[in-house]
2 protein chains.
Amino acid sequence: MNNKVREFREKFGLTQKELGEQVNVSRQAINAIETGKFDPSIWLAYDLAQYFGVPIEILFLFEEGKRK
Amino acid sequence: MNNKVREFREKFGLTQKELGEQVNVSRQAINAIETGKFDPSIWLAYDLAQYFGVPIEILFLFEEGKRK
DNA sequence: ACTTCATGTAAGGCTAACCTGACACGTGGA
DNA sequence: TCCACGTGTCAGGTTAGCCTTACATGAAGT
């Protein structure tokens, strides 16, 4: 699933580790989401969207055919 | 996690089984979400919100302290 | 009374979404 | 040169989000 996490994270001037601390997940979890290794849980998606101040549907791109 | 799935489902005049077929999950999955047994994946949350025509944040209530 | 339907729930199984710890690499500063 | 940092990735483990099958209940229709 494509998303704009890296884009927003860099705009906010944070490292993967720092963003992980803000939303209470490991830096590997942030990395895995940015690199498309797996999709976030609904809570993590919400926390990230809240942190960046955008709706979930803006931060994460739900394009049909890109499901795993 | 509280949500308005049952509310919207009944407004749309569907059974749990029928809603499950619309979003490609079992009726037990719909039931479990309505009764708060577990939270949906981000994709299922998206599909349900899309089906009902509302944002994810409207269909699902992300209240702090109600995490599992 | 019998059946059908909608719902609730439980058991058992599978995979995805996390975790920690570790190692590798490139960049930049002292 | 050496070290710290940021990132990528892998191995191994746990838990949550599904699945199918099955059984029980209540409401409603015949």
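Reminder, nothing fancy here: chain letters follow the sequence lines and each chain counts from 1.
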Round to the nearest Å and state the distance from [X] atom [atom1] to [N] atom [atom2].
X        : N       : atom1 : atom2 : answer
Asn24(B) : dC18(D) : CG    : C1'   : 13 Å
Ile30(A) : dG6(D)  : CD1   : P     : 15 Å
Lys37(A) : dC10(D) : NZ    : C1'   : 9 Å
Lys17(A) : dC5(D)  : NZ    : C1'   : 10 Å
Asp47(A) : dA17(C) : CG    : C1'   : 14 Å
Asp39(A) : dG17(D) : CG    : P     : 14 Å
Arg6(B)  : dA6(C)  : CZ    : P     : 14 Å
Arg27(A) : dG8(D)  : CZ    : C1'   : 8 Å

query: Given the rule in the side-chain contact (heavy atoms from CB on, under 4.5 Å) test, do Arg27(A) and Thr15(A) qualify, once you have shown the distances and angles that lead to the verdict?
result: CA-CA 9 Å; Arg27(A) 71 169 188 89; Thr15(A) 66; over 6 Å; no

Of the listed nucleotides [options], the one nearest the side chain of [X]:
X        : options                  : value
Val25(B) : dC19(C), dT7(C), dC19(D) : dC19(D)
Ser26(B) : dC19(C), dT20(D), dA6(C) : dT20(D)
Phe38(A) : dG8(C), dC18(C), dT7(D)  : dC18(C)

- request: Using side chain to side chain donor-acceptor pair (under 3.5 Å) as the criterion, point out the one residue from Gln28(B), Glu21(B), Glu34(B) that pairs with Gln16(B).
  value: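 Among Gln28(B), Glu21(B), Glu34(B), the one meeting side chain to side chain donor-acceptor pair (under 3.5 Å) with Gln16(B) is Glu34(B).
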
message: Once you apply a heavy-atom cut-off of 4.0 Å, does Ser41(A) come out as touching a base, just sugar-phosphate, or nothing?
response: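 If one applies the 4.0 Å heavy-atom cut-off, Ser41(A) turns out to touch the sugar-phosphate alone, with no base involved.
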
message: Any donor-acceptor pair, under 3.5 Å, between the side chain of Gln28(B) and the base of dT21(D), if you only look at N and O atoms?
response: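 Counting by modelled atom types and ignoring angles, a donor-acceptor contact under 3.5 Å is found here.
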
query: If we only count heavy atoms from C-beta on, is the Phe8(A) to Leu48(A) side-chain gap below 4.5 Å?
result: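 Phe8(A) does not reach Leu48(A) side chain to side chain.
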
- prompt: Is there a side-chain contact between Pro40(B) and Tyr46(B) (heavy atoms, below 4.5 Å)?
  reply: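 When only atoms from C-beta onward are counted, Tyr46(B) and Pro40(B) do not touch, as no gap falls below 4.5 Å.
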
- request: Specify the residue among Ile33(A) and Leu14(B) whose closest nucleotide of DNA chain C lies further upstream toward the 5′ end.
  value: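 Residue closer to the 5' terminus by nearest nucleotide: Leu14(B).
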
- request: Assign the ring pair Trp43(A) / Phe62(B) to parallel, tilted or perpendicular, where the plane angle (0 to 90°) is split at 30° and 60°.
  value: perpendicular

